[in-house]
Amino acid sequence: MRAQPTFATLASGVKLHYRVQGNPEGPWMVLLNGLLSDTTMWAGVLPGLTDHFRVLTFDSRGQGRSDAPLEGPYATALLAEEAWELFQVLGVVRPWLVGLSNGSAMSLELLSGRPDAFAGAVLTSAMPCFDFALNLKAEHWAHCLEVGGPLMQFDAVAPFLWGDSFLEARHGVLRAYHQVVTGADRPQHGNLHQIRGTKGWDIRDRLGRIEAPLLLLCGAEDLLTPPWKCLETARRISHSRFEVIQGIGHAFPVEAPKRFVARVREFISEAAPGFGR
């Protein structure tokens with residue numbers, strides 16, 4: 001049976017949309033969305049995870065069905081704290097974190113802020129900061145959204161997000177999906193607050209606090225958060241593992257979900273003896 005959408009109200013009054021799916025007796029796993037996305041981005045990976053894990057997916061403020069307060073921007077640290085509050089409301093204990101892009105940034109905030117609270121993490125496209133170049137890109141995307149709407153913003157960002165073959169084969173579908181996720185029925189201020197909330201984010205001085213097992217993945221064709229920049233995150237976390245995935249752009253879980261799930265499960269099996277037994 002398909003899980004029904006549910007909502008949790010935080011202490012601030014903000015309502016977050018979430019779903020809990022999978023094995024009710026299994027270990028927790030939380031999937032953290034990329035920027036300007038929603039829980040549907042995980043559709044391809046869920047079938048490979050819900051047999052063993054109790055999986056939480058949720059929309060941060062401004063995403064999907066969650067509230068989009070007028071006041072912004074939505075800073076990455078704020079989104080991470082609201083995720084933690086959601087975990088407490090739902091009774092999520094020692095979860096594995098699986099993040100993409102801004103979801104990886106949120107995960108780094110959580111892992112560094114509460115080193116003992118998580119079983120481990122698999123993070124894709126995890127840079128240690130929004131540097132000058134990435135800030136310029138973000139502001140350009142925000143401007144495109146303001147003057148031309150979701151489709152202009154998509155056209156500005158798409159060449160940076162997807163591997164060449166995937167983008168060529170799926171361009172029309174991706175463009176339509178983006179329009180739905182950030183379209184006219186969604187308040188544009190929420191999308192703008194998401195984008196501008198990333199600017200200036202920097203966690204480099206706190207990465208050494210992370211203690212949980214950590215796998216960092218980056219697509220070889222990722223032009224948004226390229227491997228040489230994601231490598232800095234791994235270098236600042238001595239026990240982390242860093243891998244570059246050939247033929248993949250920025251969004252490994254979306255571009256090749258079965259390959260992604262296989263690598264997640266393999267890593268957790270190695271990091272957590274007894275997994276899957």
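Note that the structure is a prediction, hence the values are computed from the model and not measured. Residue indices begin at 1 and follow the sequence shown.
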Does [X] have more than 12 heavy atoms from other residues, nucleotides or ligands lying within 6.0 Å of its [atom1]?
X	atom1	answer
Arg114	CZ	yes
Lys137	NZ	yes
His143	NE2	no

[X] side-chain N/O to [Y] backbone N/O, donor-acceptor pair under 3.5 Å:
X	Y	answer
Tyr74	Pro69	yes
Ser240	Ala234	yes
Glu85	Ala11	yes
Gln63	Ser60	yes
Gln88	Trp84	yes
Asn102	Ala105	no

Minimal non-hydrogen separation, [X] against [Y], with atom names:
X	Y	answer
Gly163	Glu255	N-OE1, 3.1 Å
Pro253	Trp42	CB-CZ3, 3.8 Å
Ser104	Leu123	OG-CB, 3.5 Å
Gln194	Arg61	CG-O, 4.1 Å
Val45	Pro257	CG1-CB, 3.8 Å
Pro213	Ala119	CD-O, 3.2 Å

Kindly indicate whether the side chain of [X], heavy atoms from C-beta on, has any atom under 4.5 Å from the side chain of [Y].
X	Y	result
Thr124	Cys218	no
Val261	Arg265	yes
Leu174	Trp162	yes
Ser125	Leu100	yes
Leu86	Glu82	no
Leu36	Trp141	no
His189	Leu70	yes

Check: What do the steps show when you test Tyr18 against Thr57 for side chain to side chain contact (heavy atoms under 4.5 Å, CB included), and what is the final call?
Finding: CA-CA 6 Å; Tyr18 73 92; Thr57 55; over 6 Å; no
Do [Y] and [X] meet the salt-bridge criterion of a basic N to acidic O distance under 4.0 Å?
X	Y	result
Glu266	Arg263	yes
Lys15	Asp59	no
Arg209	Glu109	no

Margin query: Please determine whether salt bridge (charged side-chain N to carboxylate O under 4.0 Å, His left out) holds for the pair Glu270 and Arg241, giving the CA-CA distance in whole Å, both sets of side-chain angles, and the decisive distance to 0.1 Å.
Written below: CA-CA 12 Å; Glu270 296 167 356; Arg241 221 182 273 186; 2.6 Å; yes
Quick one: [atom1] on [X] to [atom2] on [Y], what's the gap to the nearest 0.5 Å?
X	Y	atom1	atom2	answer
Ile203	Leu108	CD1	CG	5.0 Å
Leu214	Ser238	CG	OG	10.5 Å
Arg206	Ile210	CZ	CD1	9.5 Å
Phe267	Leu216	CZ	CG	8.5 Å
His17	Thr39	NE2	OG1	5.0 Å
Ile248	Phe260	CD1	CZ	10.5 Å

Next item on the list: Applying side chain to side chain contact (heavy atoms under 4.5 Å, CB included), run through Val98 and Leu32 and close with a yes or a no.
Entry: CA-CA 6 Å; Val98 177; Leu32 294 98; over 6 Å; no
Does one hydrophobic cluster hold both [X] and [Y], with members joined at side-chain heavy-atom distances below 4.5 Å?
X	Y	result
Met127	Val244	yes
Ile195	Leu151	no
Leu110	Leu78	no
Leu223	Leu217	yes
Val92	Val264	yes

Checklist line | Within 45° cone of Phe154 ring axis and under 6.0 Å: Arg175 NZ or CZ | finding: no
Notebook entry, point to check: Do the numbers put Arg94 on top of the ring of Trp28, so that NZ or CZ is under 6.0 Å from the six-membered ring centre and no more than 45° off the axis?
Noted result: no
Margin query: Out of the candidates Arg235, Lys229, Arg236, only one should pair with Glu232 under the salt bridge (Lys or Arg N to Asp or Glu O under 4.0 Å) rule; please name it.
Written below: Arg236
Just checking, is any N or O donor in the side chain of [X] or [Y] under 3.5 Å from an acceptor N or O on the other one?
X	Y	value
Asp38	Asn33	no
Asp222	His250	yes
His239	Glu211	no

Notebook entry, point to check: What do the steps show when you test Met29 against His52 for side chain to side chain contact (heavy atoms under 4.5 Å, CB included), and what is the final call?
Noted result: CA-CA 10 Å; Met29 175 177 282; His52 183 79; over 6 Å; no
Note to self: Does Leu56 form a side chain to side chain contact (heavy atoms under 4.5 Å, CB included) with Leu31? I'd like the steps, not just the answer.
What the structure shows: CA-CA 6 Å; Leu56 167 65; Leu31 310 183; over 6 Å; no
